[in-house]
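Before any comments, here is the structure.
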2 protein chains.
Amino acid sequence: MKLSTKGRYAVMAMVDLARHAQAKPVSLSDIATRQEISLSYLEQLFARLRRAGLVKSVRGPGGGYRLARGSAETRVSEIILAVDEPISATRCTEMGATGCRADRSKCLTHDLWEELGNQIHMFLNSVTLMDVLERKLTTRFIEAPPAAANSDSMAAAS
Amino acid sequence: MKLSTKGRYAVMAMVDLARHAQAKPVSLSDIATRQEISLSYLEQLFARLRRAGLVKSVRGPGGGYRLARGSAETRVSEIILAVDEPISATRCTEMGATGCRADRSKCLTHDLWEELGNQIHMFLNSVTLMDVLERKLTTRFIEAPPAAANSDSMAAAS
DNA sequence: TTTAAATCCGAGCAGCCCAGTTGGTTTTTG
DNA sequence: CAAAAACCAACTGGGCTGCTCGGATTTAAA
């Protein structure tokens, strides 16, 4: 889960697409002007989205893009995974299955990043385009600070 | 919450520091060789960590760094905030308080990124250095996929 | 049938940040 | 004094991002 601005642009565009979905497909130039993203950049993003099966294209004048599935069936996580390179975090980069597990001293933080990645993915996977449109963001995660609530850090100095 | 590899290096180093904490302070060159991070880069990171009040330095031979607080009182979120530039996400960049709220059409995704940022921060804020050392990662978040469990996406194509 | 709207495609490019290097200076122990 | 360490500032190569340019293909409308 890469989580760069590139993915954000893609999500913005897809939300825009879902919002303006009608009988006619939506052209990229419309999205470009509405979202203030360069047309050519959008083209590159939608090339990936199409290959990932998230949108369908209609060529020729009056053409454009449509969601391949419904807005309630398209998850934000899919969009980001489609446009961002996979890139496995954690430094102990894919050196085989157990490569990093071998010497634990170097990868003490391995589990941490893995778990963080899971958290992010599960959150984004729980949000659909429709959720974003209707601003129904699932705040069903995390209820209260675990223990010894530190309020907001940045306190104790010297 | 920037969440780059830079922050990961800092956390790796801090975990290493917490692990090898004894009577004597830990030198950066020790951490550098153990974690395979360049010494000078570590110096830059620890300069920030020191300014943030997370570590204390001891100069001269036999010197090094110590955690300013205990490993159970140092949260991962603090480390990342210390080394990464703040950088406000969401494109509608800090144009005043209500700047982005003004035209909602452009910032349909605003709430999404904000909520995602909250999720990440809350997770990292719930993990201390001691938690990482003892591999007690709080899996107290998220219990089950919300609804219509889609297992793992990447399925439906044409 | 021509025209033009749109998707498609590939190459290239300026700017930024990351991770690291270099070359010091200061402090402090032995 | 010598050496170990923290400190400090400037610079650099490479990679990614967001974008531009110049096309080509498809196809609806005129």
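On a predicted model such as this, the values are computed, not experimentally measured, just so you know.
Going from atom CG of B/Leu45 over to atom P of D/dA6 covers 13 Å, rounded to whole Å. Atom CZ of A/Arg48 and atom C1' of C/dG10 are 14 Å apart (whole Å). In this structure, B/Ile80 places its CD1 atom 13 Å from P of C/dC18, rounding to the nearest Å. Between the OH atom of B/Tyr9 and the P atom of C/dC17 there is a distance of 19 Å, given to the nearest Å.
Judged by distance alone, the side chains of B/Ser40 and B/Ser38 never bring a donor and an acceptor atom under 3.5 Å apart.
Nearest heavy atom pair, residue B/Leu67 against residue B/Ala18, reads CD1-CB, 3.8 Å.
In this structure, B/Tyr9 OH and A/Thr109 OG1 are separated by 10.5 Å, a value rounded to the nearest 0.5 Å. Considering CD1 of B/Ile79 and OG1 of B/Thr128, their distance stands at 9.5 Å, rounded to 0.5 Å.
Between the side chain of B/Arg66 and the main chain of B/Ala23, a donor-acceptor pair closer than 3.5 Å is present. Checked by atom type and distance alone, the side chain of A/Arg34 never pairs as donor or acceptor with a backbone atom of A/Ala13 at under 3.5 Å.
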Below 3.5 Å is the cut-off: list the nitrogen or oxygen pairs between protein and nucleotides 3-8 of chain C, distance only.
{"from": "C/dA5", "atom 1": "N3", "to": "A/Pro61", "atom 2": "N", "distance (Å)": "3.4"}
{"from": "C/dT7", "atom 1": "OP1", "to": "A/Leu28", "atom 2": "N", "distance (Å)": "2.7"}
{"from": "C/dT7", "atom 1": "O3'", "to": "A/Ser57", "atom 2": "OG", "distance (Å)": "3.4"}
{"from": "C/dT7", "atom 1": "O2", "to": "A/Arg59", "atom 2": "NH2", "distance (Å)": "2.9"}
{"from": "C/dC8", "atom 1": "OP1", "to": "A/Arg50", "atom 2": "NE", "distance (Å)": "3.4"}
{"from": "C/dC8", "atom 1": "OP1", "to": "A/Ser57", "atom 2": "OG", "distance (Å)": "2.4"}
{"from": "C/dC8", "atom 1": "OP2", "to": "A/Arg50", "atom 2": "NE", "distance (Å)": "3.4"}
{"from": "C/dC8", "atom 1": "OP2", "to": "A/Tyr65", "atom 2": "OH", "distance (Å)": "2.4"}
{"from": "C/dC8", "atom 1": "N4", "to": "A/Glu43", "atom 2": "OE1", "distance (Å)": "3.3"}
{"from": "C/dC8", "atom 1": "N4", "to": "A/Glu43", "atom 2": "OE2", "distance (Å)": "3.0"}

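Relative to the side chain of A/Asp84, the nucleotides D/dT17, C/dT22, D/dC19 differ in distance, and D/dT17 lies closest.
Summary of the strand contacts: B/Gln44 and A/Ser38 both lie near DNA chain D, and taking for each the nucleotide with the nearest heavy atom, the more 5' one is attributed to B/Gln44.
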